[in-house]
Participant: 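One structure, pasted below without further comment.
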Amino acid sequence: MTEAYIKNLKQFEGQTVTLKGWVSNKRESKGLVFLNIRDGYGICQCVVDAAKVSEEVFSNASKLTLESSLSISGTVVFDEKQIGGVELQVTNVEIYQIASEYPIAKKEHGVEFLADRRHLWLRSQRQWAIMRIRNRIIYSIHQFFQEQDFVQMDAPIFTGNACEGTSNLFETDFFGETAYLSQSGQLYGEAMAFAMNKIYTFGPTFRAEKSKTRRHLAEFWMIEPEMAFHDIFMNMDLIEGMLRRIVTDVIATCETELGVIGRDVEMLKNVVKPFPRLTYDEAVRIIKGEQDVNGKNSIKTIEEDITSANARLIEINNEIKEREDKIASGSLKKGEISFNQAKIDKLKNEIKDVEEDLRNLPLWLNSAKNFEYGNDFGGSDETVITRLFDVPIMVYNWPHAVKAFYLKRDPNDSRFARGVDVLAPEGYGEIVGGGERETDEQLLIEKIKEHELPMEAFEWYLDLRRYGSVKHAGFGLGLERIVCWLCKLPHVREAIPFPRMMGRVLP
RNA sequence: UCCUUGAUAGCUCAGCUGGUUAGAGCGAGUGACUGUUAAUCACUAGGUCCCUGGUUCGAGCCCAGGUCAGGGAGCCA
C-alpha cells in the first residue's frame, strides 16, 4: 500500500493510498461517516460508507473522536467541493488511539484558555499556518545571508555583560558567579565579525521586562548580523534587501498558509518599493503633525480614527439590536437563531475592542502632539508614524543620549548617534534595531562610564578597538515581530510555539 | 511600578434600578437521518455566580480588600 501525505494527494487520483494522522472533524449520518483527517501537511475529507466496508471498519470509524490517531486507507477520488480537490473513499481504518474528549472546540475560545492548552492549540489550522510561515521566514533568512557569504556563528546565552543596564536581565547562578541570560549577542557578534568579516547570530534572547503588551515576550528569537567594513548606509541597504527577500519568499511560497489565516497580501506586495529613510528630526516632525506624508497628517489621522471608532460603535449597536429583534420576533428557525446569536457574540467582542481603542487613541494623540524632541519613540509613536506609510520605514540618526553606548557618533553632528530603527507598516512598529558601531576607544570608555556599566566586563570588547579596529555595523531582527507583521497577528504570543511572558511558563 | 477593563455551566457569553427555583448557544451523552463541510433535528445531564469580609428583610448585581487575567504606559526586537 502506498503511503502518502495529504499535500500530495492529488497526484494519487484513482489509486489506493494510506494516510497516517488525526481526526480533525467528524460528521455522521445513517450509513455514512465523514472524517476530516489532518496529517500535519494538510486536511482531507475521508468518507466511510457502510455499504462499501466491513461492519468492523464502519464501527471503528463511528467510534472515532476528535483528535483520535489512526491510519486510514482508501481510493483517492476527485471531488470539486473539497479544498484539495480530492477526497478519500475509505476501505480500511486502523485505530492507533481513541482520544479522550478534546478540550478545544470548533468554536471560539478565550486567550487564557487557549494559552493554557498551547500544546494542543498548536494543532489547530491557524496555528499550523502561522508556524509554517515562521519556518519559511527562518529559512529565507538563512538563505539570504548564506548566499552573501555570511557565516552563522552563535553568541553565548550565559553572559557576564549587561549590554544596556541590568534592570531587564534574568539573573542566574553560574557556579557561584552571577551570570545573566543574554539580551543580545551583539557585542560577541562584533568580535566574530572581526574573525569572519560577515557573520550572523540566530538564537534566543531574554528580557525581564514586566511588560504586558501585544509586542513583548520575555523570551524571543533574534537574528543579529554584524559586518566589518560596513557603515550605517550599507547597513540600511542590507536590512532593506533582507526584509524584501523574506516578504517576497513568504508571498511566493506560503499561499495556502496566508489563505488559512486570511492575510490580505496586497499590503505586503508593496515591499518591492524602496523603503523611506527618515532622519530622527524628520520623523519627529511627522509624528507631531508638523510635516505631512503623501498628503496624510499624523494628528488628523488619529482624530479621524477616533471619529470612525465612535461611528462604528453606533453601527455595531444598531446591528445587535436588529438581530436581537429578529430573534425575539419568534419567526426564525433554530439554525437561524444560533447564526444570529453567534453574530451578536462577535459584535459584542468587537465593541470591547473598539472601546479599548477609544480609551487608547486620545492618549496616543496627546503623546504624539506633545512629543518631546530628544526622546526615544514610544510604542504609540511608532504606530502613529507607520500608519502613514505602506512600506517599512527606516529612522536613523538618533539623539545619542537615548541610544545604546556602542553606537557611533555621527561625524557631522555629535548630538546624534548612527542608529537605525526599522518600523513595520500597518501599525506594527519596530521590527529591526541596529546601527554603525563606535570605533573610538575613548568615546566608548566615556559612554560606558556615563551608563554606569562595569568597566572590567567590557575590557575584552575594548580590545576590538585596539587590535585592527575598522568601521563596522549590524542590526537585530526580532523574529516574532516579523512573524506577527507578515501574519497580521493581534499579539506576538501566537508567533512562537511556546510563548514565555510574565505569568506564563507553562506549558 | 502605574493607569484601565474584566472574572457566571467543559467553552463563548446574557442576566434590567438589588427581589422567588440563575439562562442561551456550542461541546458531551442518547436517539433519528445515505453526501455532510462549525451538518441538521429531538431529548438528557451539567452551576461553590473567583476568594474574604461588609451593607441589606434580601446580593450574581452595591461597598472594601485580595487573587488571577486582558489592554496600555515606561522599556524594547
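Worth saying up front: this structure is predicted, and the values here are computed from it rather than measured. Letters go in sequence order (proteins before strands), and every chain restarts at 1.
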Participant: Atom CD1 of A/I104 to atom P of B/rU12: distance rounded to whole Å?
Facilitator: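 Taking atom P of B/rU12 as the reference, CD1 of A/I104 is at 11 Å.
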Participant: Check every atom of B/rA77, B/rG35, B/rA39 against the side chain of A/L32 and return the nucleotide holding the closest atom.
Facilitator: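 Nearest nucleotide to the side chain: B/rG35.
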Participant: For B/rC57, give its Watson-Crick or G-U wobble partner with both distances under 3.5 Å, or none.
Facilitator: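 The answer is B/rG19, by the H-bond criterion.
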Participant: Which nucleotide wins on minimum distance to the side chain of A/N168, given the candidates B/rG71, B/rC75, B/rC33?
Facilitator: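 The nucleotide sitting nearest to the side chain is B/rC75.
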Participant: So what does A/T205 hit on the nucleic acid, given a heavy-atom distance under 4.0 Å: a base, only sugar-phosphate, or nothing?
Facilitator: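 Nothing, no heavy atom under 4.0 Å.
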Participant: Flag the pair A/E240 and A/R277 as a salt bridge only when some basic side-chain nitrogen lies within less than 4.0 angstrom of an acidic carboxylate oxygen.
Facilitator: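 Between A/R277 and A/E240 there is a salt bridge, with a charged N closer than 4.0 Å to a carboxylate O.
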Participant: Send over the distance from A/L407 CG to B/rC76 P, rounded to a whole Å.
Facilitator: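 For the pair A/L407 CG and B/rC76 P, the rounded distance is 11 Å.
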Participant: Scan every strand shown for a Watson-Crick or G-U wobble partner of B/rG6, both distances under 3.5 Å, and answer none if you come up empty.
Facilitator: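 When the pairing criteria are applied, B/rC68 turns out to be the nucleotide that pairs with B/rG6.
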Participant: Going by modelled atom types, is there a donor-acceptor pair between the base of B/rU36 and the side chain of A/Q82 at under 3.5 Å?
Facilitator: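 Check passes, donor-acceptor contact within cut-off.
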Participant: Would you mind reading off the distance between A/K30 atom NZ and B/rA42 atom C1', rounded to a whole angstrom?
Facilitator: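 From A/K30 NZ to B/rA42 C1': 17 Å.
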Participant: Using only heavy-atom distances, determine whether the side chains of A/Y406 and A/Q186 contain a donor-acceptor pair under 3.5 Å.
Facilitator: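 Judged by distance alone, the side chains do pair up.
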Participant: Would you mind classifying the nucleic acid contact of A/V432 as base, sugar-phosphate or nothing, using non-hydrogen atoms under 4.0 angstrom?
Facilitator: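 Contact class for A/V432: sugar-phosphate only.
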Participant: Please check the phosphate of B/rC26 (OP1 and OP2 only) for any side-chain N or O of A/H109 closer than 4.0 Å.
Facilitator: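 So the side-chain polar atoms of A/H109 never come under 4.0 Å of the phosphate oxygens OP1 or OP2 of B/rC26.
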Participant: Let me know, please, whether A/L363 or A/T65 comes out on the 5' side of the other along RNA chain B by nearest nucleotide.
Facilitator: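 That would be A/T65.
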Participant: Is there a donor in the side chain of A/E494 and an acceptor in the side chain of A/Q127, or the other way round, less than 3.5 Å apart?
Facilitator: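 Short answer, yes.
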Participant: Using a cut-off of strictly less than 4.0 Å, decide whether A/R207 has a side-chain nitrogen or oxygen near OP1 or OP2 of B/rC75.
Facilitator: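 No, no such contact exists.
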Participant: Rounding to an integer number of angstrom, what distance separates B/rA22 and B/rG60 when you compare their C1' atoms?
Facilitator: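 Per the computed distance, 8 Å lies between those C1' atoms.
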Participant: Both distances under 3.5 Å, Watson-Crick or G-U wobble: report the partner of B/rA14, or none.
Facilitator: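 In the structure as shown, B/rA14 has no Watson-Crick or wobble partner.
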Participant: Looking at B/rA39 and A/F34: do their rings stack (centroid distance under 5.5 Å, interplanar angle under 30°)?
Facilitator: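 According to the criterion (under 5.5 Å, under 30°), no, A/F34 does not stack.
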Participant: Rounding to the closest angstrom, what is the interatomic distance between B/rA9 and B/rG46 at atom P?
Facilitator: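 B/rA9 and B/rG46 have their P atoms separated by 15 Å.
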Participant: Given atom CZ of A/F113 and atom P of B/rA7, what is their separation to the nearest angstrom?
Facilitator: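 Those two atoms, CZ and P, are 18 Å apart.
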Participant: How far, in whole Å, is B/rU12 from B/rG70 if one measures between their P atoms?
Facilitator: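 Their P atoms lie roughly 13 Å apart.
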Participant: Is there a donor and acceptor pair closer than 3.5 Å between the side chain of A/E101 and the base of B/rG29?
Facilitator: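 Absent.
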Participant: Want to settle it: does A/G110 or A/K81 sit nearer the 5' end of RNA chain B, counting the closest nucleotide to each?
Facilitator: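 The answer here is A/G110.
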Participant: Does a side-chain N-to-carboxylate-O contact under 4.0 Å join A/D357 and A/R312?
Facilitator: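 Salt bridge between A/D357 and A/R312, a charged N being under 4.0 Å from a carboxylate O: no.
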Participant: Would you mind classifying the nucleic acid contact of A/G429 as base, sugar-phosphate or nothing, using non-hydrogen atoms under 4.0 angstrom?
Facilitator: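 No contact.
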Participant: Within this structure, what is the CD-to-C1' distance between A/E219 and B/rA77, rounded to whole angstrom?
Facilitator: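 Checked: the CD to C1' distance equals 14 Å.
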Participant: Looking only at side-chain N and O atoms, does A/E426 offer a donor or acceptor that is under 3.5 Å from a partner on A/W485?
Facilitator: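 On atom types as modelled, these side chains qualify, holding a pair under 3.5 Å.
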Participant: Among B/rA77, B/rU37, B/rU34, which nucleotide sits nearest the side chain of A/S29?
Facilitator: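 Taking heavy atoms from C-beta onward, the closest nucleotide is B/rU34.
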Participant: Under 4.0 Å, heavy atoms only, any strand: does A/D376 hit a base, just the sugar-phosphate, or nothing?
Facilitator: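 Sugar-phosphate, no base atom in range.
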Participant: Is A/R493 close enough to B/rG71 that one of its side-chain N or O atoms is under 4.0 Å from OP1 or OP2 there?
Facilitator: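 Yes, such a contact exists.
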Participant: Between B/rG53 and B/rC26, how far apart are the P atoms? Round to whole Å, please.
Facilitator: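 These two P atoms come out 39 Å apart once rounded.
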Participant: Report yes or no: is the cationic atom of A/R244 (NZ for Lys, CZ for Arg) under 6.0 Å from the centre of the six-membered ring of A/F275, at an angle within 45° of the ring normal?
Facilitator: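 Pair A/R244/A/F275 counts as cation-pi.
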Participant: Do A/R117 and B/rC11 have a side chain to base donor-acceptor pair shorter than 3.5 Å?
Facilitator: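 By the distance-only test, no, there is no pair.
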Participant: Using the C1' atom as the point on both nucleotides, what is the distance between B/rC50 and B/rC41, in whole Å?
Facilitator: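 Per the computed distance, 38 Å lies between those C1' atoms.
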Participant: Which listed nucleotide (B/rA77, B/rA39, B/rU36) is nearest to the side chain of A/N25?
Facilitator: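 Within the option list, the nearest is B/rA39.
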Participant: At 4.0 Å (heavy atoms only), tell me whether A/D79 reaches a base, stays on the sugar-phosphate, or touches nothing.
Facilitator: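 The answer is base, as A/D79 lies within the cut-off (heavy atoms under 4.0 Å) of a base atom.
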Participant: Roughly how many Å is it from CD in A/E28 to C1' in B/rA42, rounded to a whole number?
Facilitator: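 These atoms are roughly 17 Å apart.
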Participant: Just to be sure I understand the rule, does A/Q89 reach a base, reach only the sugar-phosphate, or reach nothing, if contact means heavy atoms closer than 4.0 Å?
Facilitator: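 Answer is base: heavy atoms of A/Q89 come under 4.0 Å of a base.
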Participant: Rounded to whole angstrom, note down the P distance from B/rG10 over to B/rC49.
Facilitator: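 Nearest-Å result for B/rG10 against B/rC49 at atom P: 12 Å.
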Participant: When you get a sec, tell me which of B/rU36, B/rA73, B/rC76 is the closest nucleotide to the side chain of A/E87?
Facilitator: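 Closest nucleotide to the A/E87 side chain: B/rU36.
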Participant: Quick one: look up who B/rU48 pairs with, Watson-Crick or G-U, both distances under 3.5 Å, and put none if it's unpaired.
Facilitator: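 Across any shown strand, B/rU48 pairs with none.
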Participant: Find the distance A/E382:CD to B/rC75:P and express it as a whole number of Å.
Facilitator: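 My rounded result for the distance is 11 Å.
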Participant: Can you figure out which of B/rG74, B/rA77, B/rC76 approaches the side chain of A/T213 most closely?
Facilitator: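 Closest nucleotide to the A/T213 side chain: B/rG74.
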Participant: In whole angstrom, what separates A/I239's CD1 from B/rA77's C1'?
Facilitator: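 For the pair A/I239 CD1 and B/rA77 C1', the rounded distance is 12 Å.
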Participant: Can A/D154 and A/Q152 be counted as having a side-chain donor-acceptor contact under 3.5 angstrom?
Facilitator: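 Per modelled atom types, A/D154 and A/Q152 side chains form a pair under 3.5 Å.
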Participant: Nearest to the side chain of A/R215, heavy atoms from C-beta on, is which of B/rA73, B/rG70, B/rA77?
Facilitator: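 Selected nucleotide (nearest to the side chain): B/rA73.
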Participant: Below 4.0 angstrom from OP1 or OP2 of B/rG72, is there any side-chain N or O of A/K212?
Facilitator: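 No, A/K212 has no side-chain N/O under 4.0 Å of OP1/OP2 on B/rG72.
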Participant: Using atom P in both nucleotides, what's the gap between B/rC61 and B/rU55 to the nearest angstrom?
Facilitator: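 Approximately 15 Å lies between the P atom of B/rC61 and that of B/rU55.
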Participant: How far does the P atom of B/rC51 sit from the matching atom of B/rC68, given to the nearest Å?
Facilitator: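 Their P atoms lie roughly 15 Å apart.
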Participant: Scan side-chain atoms only and decide if A/Q82 and A/D79 contain a donor-acceptor pair under the 3.5 Å cut-off.
Facilitator: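 A donor-acceptor contact under 3.5 Å links the two side chains.
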Participant: Side-chain N or O of A/R27 less than 4.0 angstrom from OP1 or OP2 on B/rA39?
Facilitator: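 A/R27 to B/rA39 OP1/OP2: side-chain N or O found under 4.0 Å.
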Participant: Does this structure show an ion pair linking A/E87 with A/K81, if we count only N-O contacts that are shorter than 4.0 Å?
Facilitator: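 Looking at A/E87 and A/K81, the cut-off is not met.
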